[in-house]
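I have placed the structure first, in the form of structure tokens, so that the comments after it can refer back to it.
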Amino acid sequence: SSDLPLGMIAAVDTAGWVVGHLYGGIVVRFFAWRMIFWLNLPICLLAFLLIWYLMRDVPQERGAGGMDWIGAALISIALTLLNIGLGGNSESGSALGGQSGLPRYALPFVFAAFFFLILFLWRQKKTRHPLIDLSLFQRQNYPAASLANFLIGFSLFIAIANVPLFINSLVATSLEQGAWDSGWMLSALTIPLALASVPGGWLSEKFGYRLPAILGLLLAVFGFSLMKTWEMETPYFTMASHLIVCGIGIGLTMSPIATAVVNASPPDQRGVSSALVIIFRLIGMTVGVSSVTTYGLLRADALSKRLLSAAPDLNETIRVGMEVTQQVISETFIIAGGVAVLALIPALFLRSDSYSFAARHSEDDGITRDEIR
């Protein structure tokens, strides 16, 4: 079974997030923030060289057909338009002559995104060598795991985005302190997330996909419910403990959901399925941060207009502004928890791969995997 190996891969993948947040905070603390982008150039070059060197002797089987460049262009356009549309805010709307609220271009961009998505799906059904074989989504676990992965990505990135926002807006007294504190505080989310991916794979092998996925989501919901109570006076230790709970919960879901997708795929489609695991999570993350940012801006604008009009002086204005920020961030944590609750629905439909249970009890009897299936 691939449960435990996929859990280890998820742990290594997530460990990169830990290093990224920490070194970003360190760089901003001691150097100019632009140095982050310069440092990424040699890091990416080193990654390319390592991939080329370490995989030079790995046997590779090439599939028939070629790259569907038209399909790639269609899905790229669709995702770009969707993020632009969801990422609109009241300031950009005013700049374009719109009224307070979503800019005029928001809905047209979203509709255009769905139009290009439909074109992409049509292309995948008609072309001889599609990027994605749509028949995969007719397989057991594929739709449920993909939807759950999207929703988990949505919730996860709200936490990743809101922790630096909370610290920089309400706690830190300088940009350097904010970057430093945010980097270390986010590791309380990402380190447990990475570590929990390994036991998530072990639990999948022992009990199937559904149990660790549901257990992880329940822990994540509990973590988000704790995070919504954050205030300006909340100690870092308390914030870190809440992030640890959330990180462990999300980490437990990584391996069972990825394994459910990969094990449902025919051998020649497992590469595509592995990519889709990441893609659905990343789409959820990008849509989550775009839509929730828009919600936060509109909500803050509405609260500010109502509360700041009664502020008698500058000090009161600053205090009210910080309270508005705190409330909006708290509400977005509630949204993240609500989306994690929604992810429980597809997780309940995950069915365990027959081999993962039967093989452990029948290999000693000489029964092969194919016979079990």
Under 4.5 Å between any side-chain heavy atoms of Thr259 and Glu205, yes or no?
-> no
Chi angles and distances behind the side-chain contact (heavy atoms from CB on, under 4.5 Å) call for Phe157, Val292 | CA-CA 10 Å; Phe157 210 74; Val292 172; over 6 Å; no
So which heavy atom on Gly208 is nearest to which on Pro212, and how close?
-> O-CD, 3.0 Å
Can you name the closest pair of heavy atoms from Ser274 and Val262 and give their distance?
-> OG-CG2, 3.8 Å
Tell me, do Leu203 and Leu211 make a side-chain contact under 4.5 Å, heavy atoms counted?
-> no
Rounded to the nearest 0.5 Å, how far does CD of Gln269 lie from CD1 of Ile132?
-> 10.0 Å
Ile214 vs Leu348, side-chain contact (heavy atoms from CB on, under 4.5 Å): CA-CA, chis, key distance, verdict | CA-CA 7 Å; Ile214 291 175; Leu348 288 170; 3.2 Å; yes
Test side-chain hydrogen bond (donor to acceptor under 3.5 Å, both in side chains), reference Tyr209, set Asn263, Thr253, Asn141, output is Asn263
Is a side-chain donor or acceptor of Thr229 paired with a backbone partner of Ser225 at a separation under 3.5 angstrom?
-> no
Thr332 and Asn162: side chain donor to acceptor below 3.5 Å | yes
Rounded to the nearest 0.5 Å, how far apart are CD1 of Ile248 and CG of Leu189?
-> 10.5 Å
Side chain Thr127, main chain Arg123, donor-acceptor under 3.5 Å | no
Which heavy atom in Leu252 sits nearest to a heavy atom in Ala196, and how many Å separate them?
-> CD2-O, 3.6 Å
Taking Gln140 for the side chain and Ala264 for the main chain, is one N or O donor matched with an acceptor at less than 3.5 Å?
-> no
Atom CD1 in Ile250, atom CG in Leu243: separation rounded to 0.5 Å?
-> 10.0 Å
Below 4.5 Å, heavy atoms only, C-beta onward: do Pro164 and Leu186 meet side chain to side chain?
-> yes
Does CZ belonging to Arg128 count more than 12 external heavy atoms closer than 6.0 Å?
-> no
Check whether any side-chain heavy atom of Pro266 sits under 4.5 Å from a side-chain heavy atom of Arg139, and report yes or no.
-> yes
For Leu81 and Ala113, the nearest pair of non-hydrogen atoms, with its separation, is CB-CB, 3.8 Å
Heavy-atom donor-acceptor pair, Arg210 side chain to Leu350 backbone, under 3.5 Å | yes
Should Leu117 and Trp69 be regarded as members of a common hydrophobic cluster, given that ILVMFWY residues are connected when their side-chain heavy atoms come within less than 4.5 Å of each other, either directly or indirectly?
-> yes
Quick one: does Ser155's side chain have a donor or acceptor within less than 3.5 Å of a partner on Ile152's backbone?
-> no
Does the side chain of Phe120 reach to within under 4.5 Å of the side chain of Leu131, using non-hydrogen atoms?
-> yes
Does Ile160 belong to the same Ile/Leu/Val/Met/Phe/Trp/Tyr cluster as Phe224, with side-chain heavy atoms less than 4.5 Å apart forming each link?
-> yes
Flag side-chain contact, heavy atom, 4.5 Å: Met185 against Phe166 = no
How long is the span from the CD1 atom in Ile278 to the OG atom in Ser273, to the nearest 0.5 Å?
-> 11.5 Å
Test item: Ser146 side-chain N/O and Pro143 main-chain N/O as donor-acceptor pair under 3.5 Å | no
In this structure, are over 12 heavy atoms from other groups packed under 6.0 Å from Ile70 atom CD1?
-> no
pair Val272-Asp133: side-chain heavy atoms closer than 4.5 Å | no
Nearest 0.5 Å, what's the OG1-CD1 distance between Thr190 and Ile244?
-> 10.5 Å
List for me each residue that meets ring pair (Phe, Tyr, Trp, His ring centres under 6.0 Å) alongside Phe137, sequence neighbours excluded, and say none if there are none.
-> Tyr142
Hey, is the main chain of Gln326 close enough, under 3.5 Å, to the side chain of Ser330 for a donor-acceptor pair?
-> no
Does one hydrophobic cluster hold both Leu74 and Leu134, with members joined at side-chain heavy-atom distances below 4.5 Å?
-> yes
Might you point out which heavy atoms bring Leu217 and Ala340 nearest each other, and give the distance in Å?
-> CD2-O, 3.9 Å
Is there a donor-acceptor contact under 3.5 Å linking the side chains of Glu323 and Gln327?
-> no
Under 3.5 Å donor-acceptor, Thr286 side chain and Ile283 backbone | yes
Walk me through it: do Ile158 and Phe154 pass the test side-chain contact (heavy atoms from CB on, under 4.5 Å)?
-> CA-CA 7 Å; Ile158 292 177; Phe154 190 108; 3.7 Å; yes
With Arg56 as the cation and Tyr53 as the aromatic partner, state whether NZ or CZ is under 6.0 Å from the six-membered ring centre and within 45° of the axis.
-> yes
Answer with yes or no whether the hydrophobic clustering places Leu136 together with Trp122; edges join I, L, V, M, F, W, Y residues whose side-chain heavy atoms lie under 4.5 Å apart.
-> no
Close side-chain approach of Ile167 and Met239, heavy atoms under 4.5 Å = yes
Which atom names give the shortest non-hydrogen contact between Ala159 and Met227, and what distance separates them?
-> CB-CE, 4.0 Å
Atom CZ in Phe116, atom CD1 in Ile77: separation rounded to 0.5 Å?
-> 5.0 Å
Among all residues two or more places apart in sequence or in another chain, which pass the side-chain hydrogen bond (donor to acceptor under 3.5 Å, both in side chains) test with Trp230?
-> His242
Between Tyr236 and Asp181: side-chain donor-acceptor atoms closer than 3.5 Å = yes
With hydrophobic residues grouped by side-chain heavy-atom distances under 4.5 Å, do Val341 and Leu215 end up in a single group?
-> no
